[in-house]
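Structure, as structure tokens:
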Amino acid sequence: MPRYRPHVAARPSWRCRVCGAAWPCSPARLALLGEYREDRIGLLVYLATLLDEAAAELPGHDGLSDRFITWARAR
């Protein structure tokens with residue numbers, strides 16, 4: 001039986017260690033939404049913290065707020 005591997009960021013590239021997509025990849029987003037399903041504000045605070053770290057490690061990358069924050073806002 002295959003073992004689940006969490007889709008986490010490889011630093012300093014901020015690519016997924018499992019699928020290689022820009023993190024948070026789709027599976028990571030689904031996992032985060034599930035983990036924080038009752039605490040959307042907590043999820044946004046967590047993602048904002050990671051956004052700040054990524055911005056320091058990926059200077060000059062535009063669109064980081066879309067990548068880290070926009071997808072998680074309430075619809």
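Atoms considered below: every heavy atom in the structure, side chains included; atoms not considered: hydrogens, waters and symmetry mates.
A donor-acceptor pair is defined here as one N or O able to donate and one able to accept, closer than 3.5 Å; no such pair exists between the side chain of Arg29 and the backbone of Ser26. Distance alone, capped at 3.5 Å, is enough to place a donor-acceptor pair between the Arg40 side chain and the Ala72 backbone. The backbone N or O of Pro24 lies less than 3.5 Å from no partner atom in the side chain of Arg67, so there is not a single donor-acceptor pair.
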Using residues 45-55 as the side-chain source, report each donor-acceptor pair under 3.5 Å to any protein atom, sequence neighbours left out, with the distance given to one decimal.
residue	atom	partner	partner atom	Å
Thr49	OG1	Val45	O	3.0
Glu53	OE1	Arg11	NH1	2.8
Glu53	OE1	Arg11	NH2	2.8

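Under a 4.5 Å side-chain heavy-atom criterion applied to ILVMFWY residues, the cluster that includes Leu30 comprises that residue alone.
In this structure, Trp14 is a member of the same hydrophobic cluster as Ile69, with clusters built from ILVMFWY side-chain heavy atoms closer than 4.5 Å.
Taking CZ from Arg17 and SG from Cys25, the interatomic distance works out to 12.5 Å, rounded to the nearest 0.5 Å.
The two residues Tyr36 and Leu43 come nearest to each other via the heavy atoms CD2-N, 3.4 Å. Heavy atoms only, all atoms of each residue included: Val18 and His7 are closest at CG1-CE1, 3.5 Å.
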